There are 2 protein chains.
Amino acid sequence: MKRKFQDIYKQLSESIEAGTFQTGTTLPSENELAENYNASRETIRKALNMLSEHGYIQKVQGKGSIVLDMSRINFPFSGVISFQELSQKLGTRTKTEVVYLKKEHATDHQLKGEERVWRVHRVRHIDGERIILDKDVFSVQAVPHLTNEICENSIYDFIENNLGLTISFAHKEIVIEEPSEEDQHLLDLNGSHNIVVIRSFTYLEDATLFQYTESRHRPDKFRFVDFARRVQT
Amino acid sequence: MKRKFQDIYKQLSESIEAGTFQTGTTLPSENELAENYNASRETIRKALNMLSEHGYIQKVQGKGSIVLDMSRINFPFSGVISFQELSQKLGTRTKTEVVYLKKEHATDHQLKGEERVWRVHRVRHIDGERIILDKDVFSVQAVPHLTNEICENSIYDFIENNLGLTISFAHKEIVIEEPSEEDQHLLDLNGSHNIVVIRSFTYLEDATLFQYTESRHRPDKFRFVDFARRVQT
DNA sequence: CTGTAAAACTTGTATATACAAGTATAAAAT
DNA sequence: ATTTTATACTTGTATATACAAGTTTTACAG
């Protein structure tokens with residue numbers, strides 16, 4: 001009995017994505033689900049509340065849980081997701097080129113309290129064009145060693161599966177800027193006068209900051225999709 | 001005993017924003033909070049989970065609830081928020097100009113199933129410059145009448161307080177486009193070659209779609225800030 | 001003094017119960 | 001047939017209990 005409600009969440013979310021429950025219809029009632037999954041109603045409710053938060057359903061008191069249309073937010077994703085996970089959807093159309101990888105002294109304020117950091121610059125290719133420039137700074141304390149090969153694949157995968165760390169949350173900022181000389185040199189800007197800059201601070205399970213990233217996207221290839229619930233006042 | 005955990009959430013979130021609980025420290029334990037607020041531990045946990053979702057705290061098993069730094073996401077906001085609510089923070093530096101307001105037949109696919117819709121175009125002024133063009137389409141079924149004055153103030157406020165409807169959630173998309181002739185005519189583009197377009201579909205409590213919005217921002221004045229938790233797989 | 005083990009904390013999960021509140025359905029009254 | 005009323009069903013909230021799992025502190029053995 002360890003991750004029961006998370007398993008139920010996973011099963012239900014996958015069922016909704018697979019179309020087993022159609023958009024606009026209601027899920028079985030909480031009591032029915034409790035019987036089906038051999039769980040208490042509270043456990044079911046935890047799973048349903050997760051579905052609600054992530055935009056799968058809308059709960060209406062007295063009526064039931066209405067299945068929402070997830071197709072809009074299926075791709076790309078909101079939340080913390082890596083280019084590697086994104087490229088799995090695009091298959092062989094993506095490539096990562098490591099243009100810089102060095103252990104340095106922390107000169108800037110980006111990862112305060114850290115003495116030494118990894119600095120990684122990667123150019124992301126999509127369909128043969130250089131679209132994204134990712135400039136990462138990792139805490140050496142959290143990530144002791146890093147190789148070219150790891151950077152070409154997924155650093156997140158390495159961190160989570162090899163180092164056993166759990167990436168938990170991120171603060172993110174999206175702004176539009178003028179392309180730098182570095183952008184013009186490393187990316188195929190294709191005449192774009194602007195660049196989309198996503199700055200993010202990523203934290204581990206224990207709330208320690210371990211990564212600062214500046215992800216610089218060619219504007220015509222950028223799309224951010226979000227689901228948000230209105231905060232009650 | 002109706003909105004106990006929501007009240008506790010509100011009190012705790014305001015305390016954190018006010019700095020009563022300092023960043024990096026832990027909140028009182030769940031059992032202590034339960035005593036303080038005269039509530040059960042489960043009720044406290046519901047409030048704490050809301051704080052966690054919204055980026056106020058990070059819960060660590062065995063340790064406690066660590067207070068996070070909210071200053072980064074304080075302004076501007078993520079989630080569903082209106083220009084009116086935003087302008088309250090900027091005071092008298094903002095102005096809204098209604099450039100179009102008419103009840104029309106629904107011609108496009110934006111609000112499917114609707115026969116008649118309100119179409120509202122508004123130019124948002126910040127510090128004397130025309131920065132944002134908001135193009136809204138409202139369901140006439142949900143919003144029977146609309147006046148110039150309502151549009152100059154807050155349509156959301158009118159909908160929630162006068163019509164008694166509850167805005168619940170939204171799907172949102174952010175992309176970068178070339179400025180249209182309309183953009184060039186109605187906004188002070190200040191030499192910008194791009195425009196930030198936020199397309200959003202807003203839904204009521206019962207999951208009915210009632211609004212489609214295209215919010216077009218001058219790129220140098222645009223900033224989107226987000227807090228996101230990593231989805232477990 | 002040091003290292004280990006136990007105890008005392010913390011949050012995480014699962015269950016059961018009770019009632020409130022909103023919606024839909026069926027029965028009854030008109 | 002229509003309206004009203006009662007009933008059943010739905011989700012929302014609050015509480016209590018038990019145990020699991022992770023962290024910190026304390027006690028103890030060496």
Side-chain angles (χ1 to χ4, degrees), chain A residues 1-12 21 24-53 56-68 164-166 168-169 203-208 229-230 232, chain B residues 1-12 21 24-53 56-68 164-166 168-169 203-208 229-230 232:
Chain A
M1 307 277 183
K2 223 172 65 171
R3 339 188 323 129
K4 204 167 184 177
F5 80 90
Q6 305 192 41
D7 290 343
I8 295 172
Y9 163 77
K10 201 178 169 192
Q11 286 184 51
L12 287 174
F21 299 110
T25 64
T26 57
L27 294 181
S29 76
E30 295 176 348
N31 285 320
E32 285 179 278
L33 289 171
E35 268 204 47
N36 295 349
Y37 285 96
N38 218 339
S40 70
R41 194 183 146 217
E42 276 302 314
T43 301
I44 296 295
R45 282 180 61 75
K46 280 181 188 167
L48 292 184
N49 283 331
M50 284 183 72
L51 291 173
S52 173
E53 285 159 30
Y56 285 94
I57 61 173
Q58 172 75 356
K59 306 193 77 183
V60 183
Q61 187 171 359
K63 267 189 172 169
S65 298
I66 303 168
V67 180
L68 301 180
L165 301 174
T166 303
S168 185
F169 63 93
Y203 298 79
L204 298 176
E205 219 173 6
D206 60 351
T208 57
R229 292 201 167 270
R230 181 156 174 82
Q232 64 275 11
Chain B
M1 307 277 184
K2 222 173 68 172
R3 344 187 321 128
K4 205 166 183 176
F5 80 89
Q6 305 191 42
D7 290 342
I8 295 172
Y9 163 77
K10 202 180 168 191
Q11 286 184 51
L12 287 174
F21 299 110
T25 65
T26 56
L27 292 182
S29 75
E30 294 175 351
N31 285 320
E32 285 179 277
L33 289 172
E35 268 204 47
N36 296 349
Y37 285 97
N38 218 340
S40 71
R41 194 184 146 216
E42 275 302 313
T43 302
I44 295 295
R45 281 180 62 75
K46 280 180 189 167
L48 292 183
N49 283 332
M50 283 182 73
L51 290 173
S52 172
E53 285 160 27
Y56 285 93
I57 62 172
Q58 172 74 354
K59 307 192 75 182
V60 182
Q61 187 170 358
K63 268 189 172 166
S65 298
I66 303 168
V67 179
L68 300 180
L165 301 173
T166 302
S168 185
F169 63 94
Y203 298 79
L204 298 175
E205 220 174 6
D206 61 351
T208 58
R229 294 200 165 270
R230 182 154 173 82
Q232 64 273 14

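All figures in this text were calculated on a predicted structure; none of them were measured in a lab. Each chain gets a letter, A, B and so on, in the order its sequence line appears, and its residues count up from 1. Both backbone and side-chain heavy atoms feed into the values below; hydrogens, waters and symmetry mates do not.
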Check your understanding: What's the CG-P distance between A:N31 and C:dT15, to the nearest Å?
Key -> 14 Å
Revision key, fill the gap. Assert: residue with more 5' nearest nucleotide on DNA chain C, out of A:R41 and B:S65, is B:S65
Check your understanding: Tell me: CG of B:D7 to P of D:dT13, nearest whole Å?
Key -> 11 Å
Exercise for review: Assign A:N49 to base, sugar-phosphate, or nothing according to its heavy-atom contacts below 4.0 angstrom with the strands shown.
Suggested key: nothing
**Study point:** Under-4.0 Å side-chain N/O to phosphate OP1/OP2 contact, A:K63 with D:dC9
**Key:** no
Check your understanding: Under 4.0 Å between a side-chain N or O of B:K4 and OP1 or OP2 of D:dT15?
Key -> yes
Review point. Does D:dT13 have OP1 or OP2 sitting under 4.0 Å from an N or O in the side chain of B:Q6?
Key: yes
Practice item. Using a cut-off of strictly less than 4.0 Å, decide whether B:T43 has a side-chain nitrogen or oxygen near OP1 or OP2 of D:dT13. Key: no
Practice item. Quickly work out the A:L33 CG to C:dA14 C1' distance and round it to whole Å. Key: 17 Å
Review point. Can you tell me how far C1' of C:dT10 sits from CD of B:Q58, to the nearest Å?
Key: 15 Å
Practice item. Decide side chain to side chain donor-acceptor pair (under 3.5 Å) for A:S29 and A:N31; before the verdict, give the C-alpha distance in whole Å, the side-chain angles of both, and the deciding distance to 0.1 Å. Key: CA-CA 5 Å; A:S29 76; A:N31 285 320; 5.1 Å; no
Review point. Should A:S29 be listed as having a side-chain N or O under 4.0 Å from OP1 or OP2 of D:dC9?
Key: no
Study note, to complete from the structure: From CD of A:E30 across to P of D:dT13 the rounded distance in Å is 11 Å
Check your understanding: To the nearest 0.5 Å, how far apart are CG in A:L51 and CD1 in A:I57?
Key -> 5.0 Å
Practice item. State, without any angle test, whether A:T166 and B:R230 hold a side-chain donor-acceptor pair at a distance under 3.5 Å. Key: no
Practice item. Would you kindly give the CG-to-P distance between B:L48 and C:dT10, to the nearest whole Å? Key: 13 Å
Check your understanding: Less than 4.5 Å apart, any side-chain heavy atom of A:Y56 and any of A:L27?
Key -> no
Check your understanding: Between C:dT11 atom C1' and B:I66 atom CD1, what is the distance in whole Å?
Key -> 12 Å
Review point. Below 3.5 Å, does any donor atom in the side chain of B:Q61 face an acceptor in the base of D:dA21, or the other way round?
Key: yes
Point to revise | A:K46 side chain, from C-beta outward: closest of D:dT13, C:dT11, C:dA14 | key: C:dA14
Practice item. Mind calculating the distance between CG (B:N38) and C1' (D:dA14) to the nearest angstrom? Key: 12 Å
Practice item. Determine: side-chain N/O of A:S40 to OP1/OP2 of C:dA16, distance under 4.0 Å, yes or no. Key: no
Exercise for review: Check step by step if side-chain contact (heavy atoms from CB on, under 4.5 Å) holds for A:K63 and A:Q58.
Suggested key: CA-CA 10 Å; A:K63 267 189 172 169; A:Q58 172 75 356; over 6 Å; no
